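What you see is a predicted model; the values in this text were computed from it and never measured.
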Amino acid sequence: MSTWDYQYADFAHSPLMFYYEVTQACDLVCKHCRASSQPAAHPEQLTTEQAKALVDQLIVFPRPPVLVMTGGDPLKRPDLFDLIRYATARKLQVALTPSATALATLSAMRAAQRAGVRCLGISLDGRDAATHDAFRGWQGSFDRTLKMLDHARELGLGVQVNTTITRRNVDQIDDMAELLATRGIVMWSVFFLVPVGRGVEEERITPEEYELAFERLWRQSQCQSYSVKTTEAPHYRRYVLQRQGHAAPQLDERNQDTRRGRAPLGAGDGKGIMFVGHTGEIYPAGFLPLCCGRFPQDSVVDVYQHHPTFRALRNPDGFHGKCGVCEYRRVCGGSRSRAFAVTGDPLASEPDCLYVPDNSPQKLSTAGK
Ligand code: SF4
């Protein structure tokens, strides 16, 4: 299956993107690390056979998802290429998110490609070494990241660059966009900080600054050769629709971006997205630490389709506060991860959105004056 075929109705039974944290081991100490990674693998990390059994479950989904092998640093796992071969032999699309360490050599990337990887996710968090290296916790990370981008280009691998936006770099969006324009990437995925893991020590931007950041991203998306999307900032979809002068889509409208097979209407935590941790814990997303089961005791298919938390996350009518009545709730719905991180309630309103929905009590009381 291609991601192009994924339809709105598929959210109910199959994730579009399945993130498998193959290990938590990583040699870096990035400031916003969700996983609070450690140098060595956890002793209860899923074994090779268990990881293969997990892959076997993915092909049971009515629409098998794209498998993203993430970490930690996936290259710290000795059986990584074996697992990639196993998954691609079962017709799964596999993407890889290597860390910028000494392990990320040209030959390692070539081996991943030969095993079946077609797309890499590479992190870049600043326009220059000073900003990026401060994020990543060591000098030289920026240069190594650029080298990884060069290697990927040389090999013809598609690249999605992942950037985490915090107060440190929100003013660098335009400069980063220009830098990426020289690197032949396919997608820029701009992640807005969720305060979990080591990310609790980083400073979130304000809702007003989100709107300014969205404006910059939207302008860049109009002129760059690569696509731009946000992660954990679904209100960017609301911003784009408003910017284009469109009303909020109706319930069953697909609103698919046809430029590069981007996620169709409103994928989010537990709704088109699923995450399995290194020891088998099953979550709606990597940034939403609500454990809904554990593989191999629990089936990931069963948890995705039937667990009450997943089902609630797919029902924006049940969201609390303004997100539950917002006309954009089906394309946006707010970041469930940030709602949980800030309020403890995964169904609470997005804390970092300044939009006031038309039929919110606040707007209605103003209109009645
Ligand atoms: S109020 Fe909630 S659903 Fe509406 S645009 Fe903001 S975050 Fe999205």
Side-chain angles (χ1 to χ4, degrees), residues 2-3 17 19-20 22-23 25-28 30 66-89 91-133 135-136 138-164 172 175-191 220-221 223-229 231 259-262:
S2 143
T3 54
M17 308 296 291
Y19 295 87
Y20 170 32
V22 294
T23 185
C26 182
D27 294 330
L28 302 182
C30 303
V66 175
L67 171 59
V68 182
M69 292 188 174
T70 183
D73 181 7
L75 290 171
K76 291 277 278 185
R77 196 166 162 137
D79 58 358
L80 177 69
F81 302 130
D82 184 25
L83 295 179
I84 295 169
R85 274 189 295 275
Y86 190 85
T88 54
K91 306 261 186 295
L92 289 174
Q93 294 180 59
V94 181
L96 190 66
T97 64
S99 300
T101 72
L103 297 176
T105 59
L106 177 63
S107 66
M109 289 159 77
R110 185 179 285 120
Q113 185 181 37
R114 285 185 177 149
V117 165
R118 293 289 169 269
C119 182
L120 296 179
I122 295 176
S123 296
L124 184 81
D125 293 318
R127 68 181 164 209
D128 50 33
T131 312
H132 176 88
D133 291 356
F135 254 78
R136 295 281 149 185
W138 64 284
Q139 272 189 352
S141 176
F142 183 75
D143 292 342
R144 182 165 284 156
T145 299
L146 294 187
K147 194 165 276 179
M148 288 169 70
L149 291 171
D150 290 344
H151 290 338
R153 198 173 192 176
E154 186 181 333
L155 294 169
L157 281 162
V159 171
Q160 171 176 305
V161 165
N162 301 319
T163 297
T164 298
Q172 299 185 8
D175 289 341
M176 282 190 279
E178 294 305 328
L179 172 64
L180 296 177
T182 65
R183 299 287 157 171
I185 70 164
V186 174
M187 175 77 83
W188 188 22
S189 174
V190 184
F191 169 81
Q220 292 295 342
S221 75
C223 62
Q224 299 297 355
S225 58
Y226 52 84
S227 294
V228 178
K229 70 165 185 167
T231 302
R259 279 191 303 167
R260 279 204 179 80
R262 269 197 246 164

- Query: Hey, mind stepping through Val22 and Thr70 against side chain to side chain contact (heavy atoms under 4.5 Å, CB included) and telling me if it holds?
  - Reply: CA-CA 6 Å; Val22 294; Thr70 183; over 6 Å; no
- Item | Check against side chain to side chain contact (heavy atoms under 4.5 Å, CB included), Val161 and Tyr226 | CA-CA 10 Å; Val161 165; Tyr226 52 84; over 6 Å; no
- Query: If you look at every heavy atom in Leu92 and Leu67, which pair is closest and at what distance?
  - Reply: CD1-CD2, 4.5 Å
- Task: Measure across Met148 and Ala100 and return the closest heavy-atom pair with its distance rounded to 0.1 Å.
- Result: SD-CA, 3.5 Å
- Query: Taking all atoms of both residues into account, what is the closest heavy-atom pair of Gly71 and Thr97, and its distance?
  - Reply: N-OG1, 4.1 Å
- Task: Begin with the C-alpha distance, continue with both residues' side-chain angles, and end with the deciding distance and a verdict on side chain to side chain contact (heavy atoms under 4.5 Å, CB included) for Arg85 and Arg114.
- Result: CA-CA 9 Å; Arg85 274 189 295 275; Arg114 285 185 177 149; over 6 Å; no
- Task: Start with the C-alpha distance between Ile185 and Gln160, add both sets of side-chain angles, then the distance that settles side chain to side chain contact (heavy atoms under 4.5 Å, CB included), and finish with yes or no.
- Result: CA-CA 6 Å; Ile185 70 164; Gln160 171 176 305; over 6 Å; no
- Message: Please report the interatomic distance CG(Leu106) to CZ(Arg110), rounded to the nearest 0.5 Å.
- Response: 4.5 Å
- So, do Phe191 and Asp125 sit near enough that their side-chain heavy atoms are less than 4.5 Å apart? no
- Item | Side chain proximity check, Met109 to Glu154, heavy atoms < 4.5 angstrom | no
- Message: Could you tell me if Thr101 and Ser99 have a donor-acceptor pair between their side chains, going purely by distance under 3.5 Å?
- Response: no
- Distance (rounded to the nearest 0.5 Å) between Arg136 CZ and Thr131 OG1: 12.5 Å
- How many angstroms lie between atom CG of Leu179 and atom CG of Leu149, to the nearest 0.5 angstrom? 8.0 Å
- Where do Ser189 and Thr231 come nearest, in terms of heavy atoms and distance? OG-OG1, 2.7 Å
- Query: Taking all non-hydrogen atoms of both residues, which atom of Leu96 and which atom of Pro98 are closest, and how far apart?
  - Reply: O-CD, 3.3 Å
- Message: Could you measure the distance from the CZ atom of Arg144 to the CG atom of Asp133? Nearest 0.5 Å is fine.
- Response: 10.5 Å
- Which value, rounded to the nearest 0.5 Å, describes the distance between Met187 atom CE and Asn162 atom CG? 10.0 Å
- Query: So, does Thr163 use its side chain to make a donor-acceptor pair with the main chain of Gly126 at under 3.5 Å?
  - Reply: no
- Message: In the structure I gave you, are the side-chain heavy atoms of Arg118 and Gln93 within less than 4.5 Å of one another anywhere?
- Response: no
- Answer yes if the side chains of Trp188 and Ser227 hold a donor-acceptor pair under 3.5 Å, and no otherwise. no
- Query: So how far is it from Met176 CE to Arg127 CZ, rounded to the nearest 0.5 Å?
  - Reply: 8.5 Å
- Message: Quick check: do Val159 and Arg183 have side-chain heavy atoms less than 4.5 Å from each other?
- Response: no
- Shortest non-hydrogen pair, Val94 vs Ala87, comes out as CG2-CB, 3.7 Å
- Hey, does Leu180 have a side-chain heavy atom less than 4.5 Å from the side chain of Gln224? no
